[in-house]
Structure formats: C-alpha cells, structure tokens
Amino acid sequence: NRAAVLIFDPHGEYGTLAEMRGHPAFQTDDGYSPEVKVLTPDQVRIRVSSLDYADILTLLPEMSDRQQSILNKAYALIKRHKRGDYRWDVQDLIAAVYEADKQTDEEGNEKAGSSAPALEWKLEKLARSPYFHAFEHCAPKDLFCPGQVTVLQMNEVSQEEQQVICAAVLRQANHARMNTQKELISSEDENYLPFPVFILIEEAHRFAPAHEPSRCKAVLRTILSEGRKFGLGVGLITQRPGKLDSDVLSQCMSQFIMRIVNPVDQESLKYGVEAAGRDLLKELPALTKGQI
C-alpha cells in the first residue's frame, strides 16, 4: 500500500533492506518499486532547537540542583528570545546561561554567578556531538515518503544520544501529523505530512525500559494511545518483553509473539497483553525459530 515507514536501527542491521530495490518480487504492473533510504550515523542530524530541556539534561554530565535550575532558566530565556526562530545552537544557550546566572550584590551591582562557567564546560560536550546542529536537521519531510522505508542507523551513537534522537524524531513526527491534519501548517513547511506514517523501533526495551528513566517513554505512551487517530502508527520489536515498560506494552493492540523461554518475559506478556492467556504462554517455549 506504499506506506511511509521509518525504522530506528540501533545496531545497524537493516541496511540489507536496500536489496529490495529492483527485486522482481516487489515490482507491480503500474511500475511501482519500493524505495529504501538508509541514513548512516554520520548522516543523522537533529536541530538543537528541537530539543526540550529534559533532552538537553540527558545529554549532559551530572549536575547540581543549582546548575539544573540555571540551565532551566537559560532554556526558558532562549525560547523567549528566539520565539519562532529555530536558528540557535549550543553557543546561544551558553550565552543564555551566563545571563541567567547573573547575581546582584547588596549595592545593586550585577556580577557573574559561579554556576555559569561549570555549565559552559558541560554544554561544550553537547557542542562537540556530531549529531546535534544549529541548522542541519532530519525533518519529517526528509524521513517520510510514500512507498519508502527510511532506516535511521544509530550503531555508532551512544545510548543517551540514541534516546534523545528517538524522542526528538517521535515528538516532531507526532506534531507534524497533528498539525497537518488540523491544517495548521502549509505544504511548504518541513513538518508537512499529508499521509499516514509508521515508525518501527528495533530493540524497543532500550527506548522504553521498564524500570529506568527514558526520554522516549512518555512520547511513546502518547503516540501509542493517541497517535492512531492522526495517522501515526508505531511498532515495537524486542526479544525481552520483560524489560519493556508495562504501560507501553499494554498500548500495543496487535502482537506477534515468537518463541519465549524466560519466565520473566512470559509473565510480562500475561499482564501486558490482554489476549495472552495461560494456555498460550505454555506454548511459547515450544515454538520453532520463526514460528508465530
């Protein structure tokens, strides 16, 4: 049906999908042939201005409560100063940090606080990342196209950066579909998506872990529970459902269950999947490779 599909590929295993192009089995009478677009880690780009405060916090070393407070204030300042303008980067955020950390002494004189230099040093780590830029960006128009599967390879990307990249792309795709459906954006906008899209997340327990914080977990819960009415679907792939967040798992309306031996994984399916009865769970260890 010429779907527009995006795959998050944390291990770089989906590049072989490119072999579909030109394969006789996928040709149709009207000349259609599937397209496969593979974005390697060096092509992954996320605009800094598309990150929220929690995304930035995830990418930085551990900070004191005061440093977090100053960073939060600086983020709010730059959002206010750059309202409607996405062209700002880490250096602009550092300048906002110094502005947010100004203190006034008893005589009314302004002086620099002690947190800004430490925050500048930590923000430089984000500035050195090859994946977050002021202008370059993997916008929805670049990632989705009818009849095309786009593979976002992240095998060279750190766990924290994978989390933030996934959260940013999911959030923007969700907003793009909603705003397009509500006719709030025009066809010239980079977020214009006038067709349904489907996102497949491999190793899903890395992005929505059961008992660990995750930047993707909240946006995944929202999309899985509300995204269908806006034409946004998500599929999760994991060999360890026991490590997947129970709320996320329970929102998956269709399940393809293969051989599972681990009792913890079986137990998670019993509580997370409505159709998984005891008789079904008993059969899972006996399934052969590839059997559903």
Q: With sequence neighbours excluded, tell me which residues meet side-chain contact (heavy atoms from CB on, under 4.5 Å) with T222.
A: N174, E226
Q. Between atom CD1 of I199 and atom CD1 of I223, what is the distance when rounded to the nearest 0.5 Å?
A. 5.5 Å
Q) Which distance, rounded to the nearest 0.5 Å, do you find between the CG of L193 and the CD1 of I185? A) 7.0 Å
Q) What do the steps show when you test L236 against L249 for side chain to side chain contact (heavy atoms under 4.5 Å, CB included), and what is the final call? A) CA-CA 9 Å; L236 306 177; L249 181 60; over 6 Å; no
Q: Examine L224 and V197 and state if one hydrophobic cluster contains both, with Ile, Leu, Val, Met, Phe, Trp and Tyr joined whenever side-chain heavy atoms are less than 4.5 Å apart.
A: yes
Q.
Walk me through whether L93 and L123 qualify under side chain to side chain contact (heavy atoms under 4.5 Å, CB included).
A. CA-CA 8 Å; L93 184 56; L123 283 166; 3.8 Å; yes
Q. Are V164 and Y53 co-members of a hydrophobic cluster defined by side-chain heavy atoms under 4.5 Å apart?
A. yes
Q | Chi angles and distances behind the side chain to side chain contact (heavy atoms under 4.5 Å, CB included) call for L6, V169 | A | CA-CA 10 Å; L6 171 66; V169 171; 3.7 Å; yes
(Q) How close do F144 and A173 get, counting heavy atoms only, and between which atoms? (A) CE1-CB, 4.1 Å
Q) Partners of A18 by side-chain contact (heavy atoms from CB on, under 4.5 Å), sequence neighbours excluded? A) R21, V36
Q) Among the clusters formed by ILVMFWY side chains lying less than 4.5 Å apart, do F132 and F135 turn up in the same one? A) no
Q) What pair of heavy atoms forms the shortest contact from D9 to E13, and how long is it? A) OD2-N, 2.8 Å
Q. Do the non-hydrogen side-chain atoms of I201 and L170 ever get within less than 4.5 Å of each other?
A. yes
Q. With sequence neighbours excluded, what pairs up with Q43 under the side-chain hydrogen bond (donor to acceptor under 3.5 Å, both in side chains) test?
A. T40
**Q.** Candidate pair L59 and L51, rule side chain to side chain contact (heavy atoms under 4.5 Å, CB included), full reasoning
**A.** CA-CA 11 Å; L59 295 169; L51 304 180; 4.2 Å; yes
Q) Would you find a donor on one side and an acceptor on the other, under 3.5 Å apart, between the side chain of Q67 and the backbone of A118? A) no
Q) Looking only at heavy atoms, which two atoms of N191 and P140 are closest? And how far apart? A) OD1-CD, 3.3 Å
Q.
With a 4.5 Å cut-off on side-chain heavy-atom distances among I, L, V, M, F, W and Y, is there a chain of contacts connecting I70 to W121?
A. no
Q) Could you state the interatomic distance from CD1 (I165) to OG (S129), rounded to the nearest 0.5 Å? A) 7.0 Å
Q. Excluding sequence neighbours, so at least two apart, what forms side-chain hydrogen bond (donor to acceptor under 3.5 Å, both in side chains) with E202?
A. Y14
**Q.** Listed partners of K125 passing side-chain contact (heavy atoms from CB on, under 4.5 Å), at least two apart
**A.** P61, R128
Q: Please identify each residue that fulfils side-chain hydrogen bond (donor to acceptor under 3.5 Å, both in side chains) with R47, with sequence neighbours left out.
A: E190
Q: Measure across Y131 and P41 and return the closest heavy-atom pair with its distance rounded to 0.1 Å.
A: CE2-O, 3.3 Å
(Q) Just verifying a value: how many Å separate S114 OG and L119 CG, rounded to the nearest 0.5 Å? (A) 10.0 Å
Q: Might you point out which heavy atoms bring A74 and A100 nearest each other, and give the distance in Å?
A: N-CB, 3.9 Å
(Q) Working to the nearest 0.5 angstrom, can you tell me the gap between L200 CG and I237 CD1? (A) 4.0 Å
Q: Taking side-chain contact (heavy atoms from CB on, under 4.5 Å) as the test, write out the residues that go with A127, two or more places apart.
A: V90, Q91, E124
Q. Where the side chain of D92 meets the backbone of A95, is there a donor-acceptor pair that is under 3.5 Å apart?
A. no
Q: Sequence neighbours left out, what pairs pass side chain to side chain donor-acceptor pair (under 3.5 Å) with at least one residue falling in residues 147-159?
A: Q148-T150, S158-E161, Q159-R206
Q: Would you indicate whether the side-chain heavy atoms of L220 and Q251 approach each other to under 4.5 Å?
A: no
Q. Short question: side chain of H137, backbone of A134 - any donor-acceptor pair under 3.5 Å?
A. no
Q: Tell me, please, which residues at least two apart from R87 pass salt bridge (charged side-chain N to carboxylate O under 4.0 Å, His left out).
A: D85
(Q) Working to the nearest 0.5 angstrom, can you tell me the gap between R240 CZ and L244 CG? (A) 11.5 Å
Q | Exercise: identify the closest heavy-atom pair between P209 and K217 | A | O-NZ, 2.7 Å
Q) How would you list, by chain and number, every residue that makes a side-chain hydrogen bond (donor to acceptor under 3.5 Å, both in side chains) with Y98, sequence neighbours excluded? A) E120
Q: Please answer: with hydrophobic residues joined when any side-chain heavy atoms are less than 4.5 Å apart, are L77 and I56 in the same cluster?
A: no
Q: Return each pair, listed once, that meets salt bridge (charged side-chain N to carboxylate O under 4.0 Å, His left out) where at least one residue sits in residues 61-82; pairs must be two or more places apart or across chains.
A: R66-D101
Q: Answer yes or no: is there a side-chain heavy-atom contact under 4.5 Å between C166 and R215?
A: no
Q) Going by the salt bridge (charged side-chain N to carboxylate O under 4.0 Å, His left out) test, which pairs reach into residues 171-182, not counting sequence neighbours? A) D52-R171, D55-R171
Q. Would you call the rings of F207 and F8 parallel, tilted or perpendicular if under 30° counts as parallel and over 60° as perpendicular?
A. tilted
